[in-house]
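In what follows, every chain begins at residue 1, and chains take the letters A, B, ... in the order their sequences are listed.
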Amino acid sequence: MDVIEEVRKSVSRLCAEFPNEYWRELDAGRGYPREFVRALTDAGFLATLIPEAYGGSGLGLMAAGVILEEIARSGGHPGACHAQMYTMGTLLRHGSEAQKQAYLPQIADGRLRLQAFGVTEPAAGTDTTSIATFAEKRDGRYVINGQKVWISRAEHSDLLLLLARTTPRNEVARKTEGLSVFLVDIREALGNGLTIRPIETMMNHHTTEMFFDDLEVSEDALVGEEGKGFRYILDGMNAERILIAFECIGDAKFFIERATNYANDRQVFGGPIGQNQGIQFPIARAYADMRAAELMTHEAARRFDTGEHCGAEANMAKLLASEVSWRAGDTCLQTHGGYGFAKAFDIERKLRETRLYQVAPVSTNLILAYLGEHVLGLPRSF
Amino acid sequence: MKVLVPVKRVLDPYVKVRVKQDKSGVDLSNAKMAMNPFCEIAVEQAVRLKEQGVASEVVVVSAGPQQSQETLRTGLAMGADRGVLIPTDVALEPLAIAKLLKAVVDKEDPGLVLMGKQAVDGDNNQTGQMLAALLGWAQGTFISKVELQDGAAQVTREIDGGLETLQVKLPAVLTVDLRLCEPRYASLPNIMKAKKKPIDTHSPEDLGVDVTPRLQVSRVEEPPARQAGIKVESVQELVKKLHEEAKVI
């Protein structure tokens, strides 16, 4: 049996229990999809990537991606919970056996939520090695001071994977050294040196800023070796990009399906508007572009799952998919005319949601700079 | 008690059906296929009976092209214990399927056969009744409720004009209607487990059944496009039109 198709079918069935009205109301009230995340967790879908030995299903990115794609295609917003799938990757690859035993089974069954990842700071985004948040070792503990921003879902996560400097930048030979990864228990930290403030954004994305003021964590919170954290988080980033490409493909499919249905049904001047080339061809173009981006996404996932280099493909998949979802959304809006702007049609909401992915988790220009420099061998462009 | 659930692979009910250009049938090339929705309801009910401790084992069986194995896996992912596949490329008619199922019942000796009232492809609504007749078993068709107790099943049937409650002696063939229960979605661990559940394969010849078609399809056509309706001004006008134009009263 094709497990992937079985997964797709089952997730589609699950999503049907959470119709578009559900997401629309959450969007209006800036609510978190608790019931949806609970159903997805109970059915084991958020534990797709966790090995069977730790209570998950041990499947690859292809299966995980199809789950997120199907949520997006149904009209939902997978961004509310996608990080529960992949944030644990750093822990899985670099954590101690004791950490893995302690956390992974509970992450797999949803008792623990690890879906906040603290890297970006007000003065350091893609330029990650410039982060200033510092963890100082004092009497067998780490004392953390600093600030993070755009940390999504922190209010809906029990654990935070945090990147902090443990050696000042001017004391290391290479700027990528001296960074360390910590697993911080948000529940214990809140009020004891950690403050979280939500940031309202153009879509319902639950992002926050975090302030660390002498937050003490034990030595056990360190993941892997001190000073090697930069490398640890890098290898999680391809997975994140590939999964987000899948979400964009799902968004594009949502828009193309809606546009097609409306163009077939809406009668103007005695015929369906879809018979006009000005309406029909942009939808057909969006479909062709979506399929091309989908093939790149599948290629990236296949490479990731078989352990081949996938940096270029992961980046290209995210680039192409995030652009096609936006164009398909714009076409869908145009096809619907005035109705596209009505909240009841869900198009404007999905369009706001999918726009993020040309910026996060890495912006389009940075991907182009990567391709230019590292794939084509052009001079560094920044 | 063992429960046998026949399941059929059909065109996905949400896909628009296209007739082949030569009008020999429905175009199934590249079409999305799925388990017949009434079969899904039967699987769900059987799995619930197992969860309630009433059934001991749920066996799904499917006859049709080799890909019917995927349909069996769907049933296994929902919670059935094992599968029986009867592969054939012959377009099976209800009587042939009923005979194949009888042969499987003879092998498996289930206490109950739970199945869809009909498949949404042919909409024949015959296989369950034929199977009951071939077996000489009691039957309850179009059931919307079932309770098992002391070697009998109390079933509620949806009939024209209301609900009928019957006591049916076991073993029996029960065919399920839409409102019996809501099929579940399979959890990921169950999808993974389904991969390892056994599926036995028996050809129609192994089962000693001749499945040669007895009917010949002469032509398949799309139904005529529906004409737009009209609005009438009064009841008198409506009655007049029904009488003189539609000629139905």
Enclosure of [X] [atom1] (heavy-atom neighbours >12, cutoff 6.0 Å):
X	atom1	result
K197(B)	NZ	yes
Q277(A)	CD	no
Q267(A)	CD	yes
K20(B)	NZ	yes
R93(A)	CZ	yes
E51(B)	CD	yes
Y287(A)	OH	no

Closest heavy-atom pair and its distance - [X], [Y]:
X	Y	result
S57(A)	L188(B)	OG-CG, 3.4 Å
P189(B)	A43(A)	CD-O, 3.5 Å
F45(A)	A186(B)	CZ-O, 3.6 Å

Look up atom [atom1] in [X] and atom [atom2] in [Y], then write down how far apart they are to the nearest 0.5 Å.
X	Y	atom1	atom2	answer
I191(B)	I4(A)	CD1	CD1	10.0 Å
Q67(B)	D2(A)	CD	CG	12.5 Å
K195(B)	E6(A)	NZ	CD	11.5 Å

**OP:** Anything in residues 7-15 of chain A with a heavy-atom distance to chain B below 4.5 Å? Please list those residues in order.
**Re:**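 Under the 4.5 Å heavy-atom cut-off, V7(A), K9(A), S10(A), R13(A), L14(A) qualify.
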Original post:
Using non-hydrogen atoms only, which part of E5(A) is less than 4.5 Å away from chain B: side chain, backbone, both, or neither?
Top reply: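 Contact with chain B: none, neither part.
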**OP:** Measure L59(A) against the heavy atoms of chain B and call it side chain, backbone, both or neither at under 4.5 Å.
**Re:**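 Side chain only.
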Subject >> Residue part contacting chain A, namely of E182(B), when any heavy atom lies under 4.5 Å >> reply: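 No part of E182(B) comes within 4.5 Å of chain A.
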